[in-house]
Amino acid sequence: MDKNFYITTPIYYPSAKPHMGHAYSSIIADFFARFKRINGYKVFFLTGTDEHGQKIQRAAESQNLKPKVFCDLISKNFQNLSKTLNLTNDDFIRTTEKRHFKAVNSLWKKLEENDEIYLSKYSGWYSVSDEAFYSDDEIEIVNNIKLSKSSGSKVEWVEEESYFFRLSKWQNKLLDFYNENPNFILPESRRNEVLSFVKSGLKDLSISRKSLKWGIKVPSNENHTIYVWLDALTNYLSALNYPDTSNNLYKKFWPASLHLIGKDILRFHAIFWPAFLLAANIKPPKKVYGHGWILSGEEKMSKSKGNILDPMDIIKEYGLDPLRYYLIKEVSFGNDGNISRDQLVKCINSDLANNYGNLCQRVISFLDKNLKLEVPNKYNLTIEDNNILNNFKENYNNLLNEIDNQNINYYINFIVNQLFSANKYFNDQEPWNKKDDLERLNTILYVSLELIRKISVLLYPIIPDTSLKVLSIFDINETDLSYESILNNDFLKPKAKLKKIGILFKKIEKND
RNA sequence: GGCGGGGUAGCUCAGUUGGUUAGAGCGCAGGACUCAUAAGCCUGAGGUCAGUGGUUCGAUCCCACUUCCCGCUACCA
């Protein structure tokens, strides 16, 4: 079995500051990276910034900065975001780096060599004020003047020399590829969209611009700049040192296991990207998952509505792990999700403080007051003891499968159920009434500690800081962590000293 | 317009390859307990599973129609 796992976030366009959507993609990707690592995989987790294009060029000019200098500044915002989110990314790629330039150059040449590129003319109805091209059915004629239907602005016929990629030729091969790889595009609804789009017919794709200056030049023609998407998508290869396909990174990690993206950039990843790669004799990635958007209330977040929840602000106010937990638990993965302060607070209080935090607190505190602060001895296990401990064993493979299908809600729901069970177990066993039966008392506490340990291992990909803090009670650190260890019911060694930790999550009082 | 997805408890969402009392969490009400962050546990209230019609012994799940919402319908990304 393939024990290598290559996961990517989109590379972010840094012209605006990081928002909740960026944070979401990154956190989900980090979840998978961390889970795979504790499950024994060699993981390569990549994120980065997409720094070419007109918007960046203009923004730089407006500040009287050279584009590269400007990019160095704004890319920092996203590098900082990665740190703030506690991402375990192995690399951070920037499209203005030399290694990326080399990769794009080579890919272009390879496509040219394979006769997948030709020079022609791009033409269409162009609106100067909208800076956009429109197709025939997007324009209307009013008083003999051609206007854009959507914006109402004047359009004129423009022709520009451009290189084209022979996308049309790949239509059937793509359809074959989708058929042979039914999980290539997920979720299924997105796959349907892509299939119907490709079936409706693909036109050749313009992949260079004469007007664009800030970007990578076409190798054989300095007058042209490579289309930003061909440029950007190649980042997934450049981080593995493509075109050097004999180096270790490339050999181990290509094709990518999972490109995690927002649904808005599905087409580029699910159609153009595999087509470019197939045309260059490179294997396409194994899976592209288009997740939903994070909304605030019923509406998309917008400045004018004043309903923007800035991830940095939220983290400052409530902490990182609560945000990670919330986004992973409360958003139905694949669909759009809502975030609000109100829901976040409820989630922190009930799940993290009352359920998980309090479980740890009541068990450790009980040990501290009634036994020694060390792992108790374990005596005969009752049916209840065995049942609750073996829940993990029974669901071990199941959880692996669900993760491989990106069913992260299943995974976290399993954890929450175990938390309820553990609290119920402690309640039902009433250790406070067992002070005259020390063997039973010890056993109850042993089992409770094992439950806390197992649950905390499972929580590691979701709330890593907190999980590690709890595991530090048992002197388990990050490098020792393994998913497999939840199978073990005798992991903790009696007499081992336990560390005391404070309150994990403070409850948040409601203001209103 | 075409294609696709959806409307399930006050809220956020699961689920049903058609079959006895439709699920979870939060919120709400009541109870027993006390180790714990007034946390945890138990019980309960609350749903004509969008509407109408059809297929069927039986539909929330299949079909048709109606209505509402959302996505895709290529080169800003």
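Just so it is clear: chains get the letters A, B, ... in the order the sequence lines come, proteins before strands, and each one is counted from 1. Owing to the predicted nature of the structure, the values given are computational and were not obtained by experimental measurement.
- Comparing atom distances between the A:S350 side chain and each of B:C72, B:C75, B:C26 picks out B:C26 as nearest.
- Residue contacts shown for A:G262 are absent, as no nucleic acid heavy atom lies under 4.0 Å away.
- Exactly one residue among A:F92, A:Y13, A:Y12 makes a ring pair (Phe, Tyr, Trp, His ring centres under 6.0 Å) with A:F78. That residue is A:Y12.
- Annotation: of the two residues near RNA chain B, A:S196 and A:K329, the 5′-most nearest-nucleotide partner is A:S196.
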Report the secondary structure of RNA chain B in dot-bracket form, marking unpaired bases with a dot and bases paired to a different strand with |, and treating Watson-Crick or G-U pairs with both distances under 3.5 Å as paired. (((((((..((((.....[...)))).((((.........)))).....(((((..]....))))))))))))....

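- Residue A:V228 places its side chain closer to B:A77 than to any other of B:A77, B:G71, B:C26.
- Looking at heavy-atom distances under 4.0 Å, A:L202 makes contact with a base.
- Here the nucleotide nearest the side chain of A:R209, chosen from B:A74, B:A36, B:C75, is B:C75.
- Across B:G7 and B:G54, the matching P atoms stand 24 Å from one another, rounded to whole Å.
- Contact check, A:K424 against B:G40: no side-chain N or O comes under 4.0 Å of OP1 or OP2.
- Not one side-chain nitrogen or oxygen of A:S200 sits closer than 4.0 Å to the OP1 or OP2 atom of B:C3.
- Of the candidates B:G27, B:U37, B:C41, the closest approach to any side-chain atom of A:F420 belongs to B:C41.
- For B:U67 and B:A50, the C1' atoms lie 8 Å apart once the distance is rounded to whole Å.
- For the pair A:Y356 and A:R190, both in contact range of RNA chain B, the more 5′-proximal nearest nucleotide belongs to A:Y356.
- B:A32 and B:C42: their C1' atoms are spaced 7 Å apart (whole Å).
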List the protein contact pattern of nucleotides 29-35 of chain B with one symbol per nucleotide (5' to 3'): B for base contact, S for sugar-phosphate-only contact, - for none; contact means a heavy-atom distance under 4.0 Å. -----SB

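- A:F268 comes within contact range of at least one nucleobase, with a heavy-atom separation under 4.0 Å.
- Using a 4.0 Å heavy-atom distance criterion, A:L359 is classed as making no nucleic acid contact.
- For A:N358 against B:A36, a side-chain-to-base donor-acceptor contact under 3.5 Å is present.
- The nucleotide whose nearest atom lies closest to any side-chain atom of A:N335 is, among B:G27, B:G4, B:A14, B:A14.
- The ring pair (Phe, Tyr, Trp, His ring centres under 6.0 Å) check on A:F276 picks up A:F165, with sequence neighbours excluded.
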